[in-house]
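Below, all heavy atoms of this structure are taken into account, side chains as well, without hydrogens, waters or symmetry copies. This structure is a prediction, so every number in the text was calculated from the model and none was measured. Numbered from 1 within each chain, the chains take letters A, B, ... in sequence-line order.
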Amino acid sequence: MSEINVKVGENQRSFPAPVSIAEVLKSFDRDLPKKSIVAKVNGAEVDLSYTLDETDEVLSIEPILPESLDGLQVIRHSTAHLMAAAVLDLFPGTQLGVGPALMEDPRYGFYYDVIAPRHLTEADLPVIEKKMRAMAKQNLPYRREVLAKADLIKMFSDRREPLKCELINEKADATATAYYIDNTPFVDFCLGPHVPHSGKLKAFKLLTLSGAYWKGDAENQQMQRIYGTAFAAQEELDAWVKQREEAEKRDHRRLGKELDLFSIQDEYGQGFIFWHPKGGAIRTDMENYLREELQKRGYGMVFTPHIAKRQLWQTSGHEENYADSLFEPMKMPAKFGEETEFRLRPMNCPFHIGIYKSHPRSYRELPIRYAELGTVYRAELSGTLHGLMRVRGFTQDDAHIFCTPEQVETEAGDCVDFAYDVFNTFGFEKFKVELSVRGGADNKGYLGSDEDWANAENALVNALNKRAIAYERIEGEAAFYGPKIDIKVEDSIGRLWQLSTVQFDFNLPERFELEFTGEDGQKHRPIMVHRALFGSVERFFGVLIEHYAGAFPFWLAPVQVTVLPITDRINDYAEAVTKELKQAGFRVEANLKSDKIGAKIRDAQLNKVPFMIVLGDKELEENVIAVRERKAGDIGQMSLEEFKKMAQQLKETRAIGFSREVGGVVGVWGLEVV
RNA sequence: GCUGGUGUAGCAUAAUUGGCUAAUGCACCCGAUUUGUAAUCGGACGAUUGGGGGUUCAAGUCCCUCCUCCAGCACCA
């Protein structure tokens, strides 16, 4: 009889072949097969029922517990199958698409795409979930079977599942694996591995129903996608649900309304932002910071119109390439007899090019950097609009750099540094950097020579590497006119939004025939770099609101200080203090209502005002103020001068947190990032 | 745009199977109160129940239609 040598951890044992993983694990630890859900054999995941055949090799076996990340993925994948089984049971004739586990997306744990005989509605979800629970309780085996490709296709063809047949045709080798859940109508074309039986699935929840195109292509039919999530234990699921509810409280749309920062009004149009004074105060500070930096970094501030002749957008190629994002052309009133058509701008680039082209350029002038807070308008589909994040009219902190090929790497690097300064200043610690390059068959549909692309990518890669920035290289994500670096930040519930971008452009310099005279007296074509740091001021603000949950650092807070007299005997003093702080340049309000101090404090706390100045008879008598910080609470009395000095420092340094000596003890407190 | 859902004072919620004057809290306003670190009391005001159409003796509630918003898909120069 032949033997198999197996290692689990450091221990090695021999077994007569063939032997199942479960049996092997059992011999090492009686409870191990029960605790595990799958196992790794030499690093490859397999079911516990997997049979080991004779081999000379020493096999290393690692049990995968539900508590591990690998285990969670299996649980979610198996739960997706369980859901499909429930749907098939409740709605015979349902066609299945794909149903993966989701590990990266904090919103969901898995989905399955289906086409049921009738359209499912939200009311069906609890019914499906109930069925799943009933099935889970029955400890139904997940059974793997290896079949010839043709047999598998025949099986799904008999089951009237053409979508599965299509997948098998595309993905399967000569043989393929099928997974059954016994005693249910379910069978799937799937690599696995899966839990040994449905009883391992203890904590799951169906979340939402939505549309999804077959294979992610809008040309294909739309299926229904059921999202759910699953965890190893109920407590983890409960915690996740709770955390999600918390996250929803910092939704910028909700806080925008509660804190009176901005609004979007149907009567004026979807996707158009009204910045209220409090949002406007923050925007002003954001812009002021930016302008200071632009000045320091050698950008020229320019201002250009929001519309231009239609012809311009034909020259630029926007009509050709982005027709779907452009608002329709407009004209002068007919009675004026002018036939010229105009378009609202979707981008600022052609205008900055206009300034570049306003006179001949010399190499001595380069690099030329034009910056503008340029408002643009795009015809975004209604279904894409989302608060401040995706709108139809927005302002880019746009800039265009015209430079020589030799200068390009430095310029790109400076842009990356600038972006990092912005992110640091606003307190973002977590963001994702992507390098988007060409991709697809023969790199079709991209403008510019292979050499251009290689040089540009090099410049971007070098800029990132020199700064030891970790990034993901994504093929096929580049703009058709050049490669780019994008920086994305998560919102409160984990959706990623692109903010900064640094893009090469091989298109516009050609189309607009940009030139400069070189040292050699010859005409040369400059390289053009587009770059935005906030990306869109609106979107950046949206992410910022969620990042701080509305509790902005002092320098950004729309109301920085609120003065709270305890009785109306103190109102005059309160007004004097308010006036003085206003004169010193702070955004201050006084609450002179005849409420109790507790109520006034509550009001200020709910409005997330960084500092409250509480004034009573004592303060009036001693000519001091009592200061309360929104997070630290009462920090004691000080002179108004002392407070002003501290506030001034917070403002000037654009601090997002700070420490201060209180009563002889140095305590760290303050405006911390929530 | 597509799939599903949703819409009641500024905000958050309520309103038996279709049934009386659409209710409550907060906010706003008025009055009383003069208070020491997260809600003082009382009063008044505020709604063509998203728009339009229909069914019915009767519609916030049922049906049709348009619109908004939400989740997702696709899109995102």
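In this structure, of B:U37, B:U35, B:C75, it is B:U37 that holds the atom nearest to the side chain of A:R628. Picking from B:C73, B:C75, B:A77 the nucleotide with the shortest atom distance to the side chain of A:S325 gives B:A77. Looking at the side chain of A:Y227, the nearest of the listed nucleotides B:C73, B:A77, B:A74 is B:C73. Among the nucleotides B:A77, B:C75, B:U40, the one closest to any side-chain atom of A:A599 is B:U40. Across B:A77, B:G1, B:G4, the shortest atom-to-atom separation from the side chain of A:Y213 is found for B:G1.
Between the base of B:C75 and the side chain of A:R390 there is a donor-acceptor pair shorter than 3.5 Å. Donor-acceptor pairing under 3.5 Å, judged by distance alone, is present between the side chain of A:S594 and the base of B:U33.
Residue-level contact check: A:D324 touches neither bases nor backbone, having no heavy atom under 4.0 Å from any strand. Across all strands, A:G598 comes closer than 4.0 Å only to sugar-phosphate atoms, never to a base (heavy-atom distances). Residue contacts for A:A604: at a heavy-atom cut-off of 4.0 Å it reaches no nucleic acid atom on any strand shown. Note on A:R345: nothing from the nucleic acid sits closer than 4.0 angstrom, heavy atoms only. Within the 4.0 angstrom heavy-atom criterion, only backbone atoms of the sugar-phosphate kind lie near A:Q270; the bases stay farther away. Here A:R569 lies in heavy-atom contact (under 4.0 Å) with sugar-phosphate atoms only. Across all strands, A:Q396 comes closer than 4.0 Å to no nucleic acid atom at all (heavy-atom distances). Residue contacts for A:R107: at a heavy-atom cut-off of 4.0 Å it reaches the sugar-phosphate backbone alone, with no base atom in range. When heavy atoms are screened at a 4.0 angstrom cut-off, A:I597 is found touching the sugar-phosphate backbone but no base atom. Using a 4.0 Å heavy-atom criterion, one finds that A:G216 contacts the sugar-phosphate atoms exclusively. Within the nucleic acid shown, A:K618 comes within 4.0 Å of at least one base atom, counting heavy atoms only. Within 4.0 Å of A:D595, counting heavy atoms only, lies at least one base atom of the nucleic acid. A:D266 comes within 4.0 angstrom of sugar-phosphate atoms only, judged by non-hydrogen atoms across all strands, and of no base.
Side-chain contact annotation: A:R473 with A:Y471, donor-acceptor N/O pair under 3.5 Å absent. Side-chain contact check for A:D113 and A:W214: no donor-acceptor pair (N or O, by modelled atom type) lies under 3.5 Å. For the residue pair A:R628/A:Q605, the side-chain donor-acceptor check at 3.5 Å is satisfied. Side chains of A:T501 and A:D486: a donor on one and an acceptor on the other come within 3.5 Å.
Between B:U17 and B:G54, the distance separating the two C1' atoms is 22 Å to the nearest Å. Comparing the C1' positions of B:C76 and B:G1 gives an interatomic distance of 14 Å, to the nearest angstrom. Comparing the C1' positions of B:A22 and B:A59 gives an interatomic distance of 12 Å, to the nearest angstrom. When the C1' atom is compared between B:G18 and B:C63, the two are found 13 Å apart, to the nearest whole Å. Atom name P, nucleotides B:U65 and B:C75: the rounded distance is 29 Å, in whole Å. Atom name P, nucleotides B:U61 and B:G7: the rounded distance is 11 Å, in whole Å. For the C1' atoms, the distance linking B:U6 with B:C66 amounts to 15 Å, nearest Å. B:A14 and B:G50 are spaced 14 Å apart, taking the P atom of each and rounding to whole Å.
Ring-centre distance between A:Y356 and A:F402: below the 6.0 Å cut-off. Checked against the 6.0 Å centroid threshold, A:F351 and A:W313 count as a close aromatic pair. When ring centroids are compared, A:Y111 and A:Y227 come within the 6.0 Å threshold. A ring-centre distance under 6.0 Å is not found for A:Y481 and A:F504. Checked against the 6.0 Å centroid criterion, the rings of A:F506 and A:W453 qualify as a close aromatic pair. Annotation: A:F342 is not in aromatic contact with A:H306 [ring centroid separation under 6.0 Å not met].
The two residues A:R345 and A:T375 come nearest to each other via the heavy atoms NE-O, 2.8 Å.
For A:K596 and B:U34, the NZ to C1' distance is 11 Å, given to the nearest whole Å. One interatomic measurement links the two molecules: CG of A:D634 to P of B:G36, which rounds to 14 Å at whole-angstrom precision. Going from atom CH2 of A:W497 over to atom C1' of B:C75 covers 12 Å, rounded to whole Å. The nearest whole Å value for the distance from the CD atom in A:E258 to the P atom in B:G10 is 17 Å. The distance from atom CZ of A:F611 to atom P of B:U37 is 20 Å, rounded to the nearest whole Å. The distance from atom CD of A:E380 to atom C1' of B:C75 is 8 Å, rounded to the nearest whole Å. A straight line from CG of A:D505 to C1' of B:A77 spans 10 Å, rounded to a whole angstrom. For the pair A:D568 CG and B:U40 C1', the interatomic distance rounds to 14 Å; values are reported in whole Å.
Using a 4.0 Å cut-off, no side-chain N or O of A:Q224 falls inside it from OP1 or OP2 of B:G4. Between B:U37 and A:R602, no contact under 4.0 Å exists linking OP1 or OP2 to a side-chain N or O. The phosphate of B:A71 has OP1 or OP2 within less than 4.0 Å of a side-chain N or O from A:R495. For the pair A:Y108 and B:A71, the criterion of a side-chain N or O lying under 4.0 Å from OP1 or OP2 is not met. Between A:H386 and the phosphate of B:G72, there is no side-chain N or O to OP1/OP2 separation shorter than 4.0 Å. Contact annotation: A:R253 reaches the phosphate of B:C70 (side-chain N/O to OP1 or OP2, under 4.0 Å). One finds a side-chain N or O of A:K593 lying less than 4.0 angstrom from the OP1 or OP2 phosphate oxygen of B:C28. Residue A:S382 places at least one side-chain N or O under 4.0 Å from the OP1 or OP2 atom of B:G1.
For the pair A:K432/A:E472, a side-chain contact is recorded, criterion being any heavy-atom separation below 4.5 Å from C-beta on.
Residue A:L90 holds its CG atom at 9.5 Å from CG of A:L120, rounded to the nearest 0.5 Å.
Residues satisfying the side-chain contact (heavy atoms from CB on, under 4.5 Å) criterion with A:D397, sequence neighbours excluded, are A:L290, A:L373, A:R531, A:A532, A:L533, A:F534.
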Q: Kindly express the pairing pattern of RNA chain B in dot-bracket notation, using | wherever a base pairs with another strand and counting only Watson-Crick or G-U pairs under 3.5 Å.
A: (((((.(..((((.....[...))))..((((.......))))......(((((..]....)))))).)))))....
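For the contact set between residues 110-130 of chain A and RNA chain B, defined by any heavy atom under 4.0 Å, the members are A:H119, A:L120, A:T121, A:E122.
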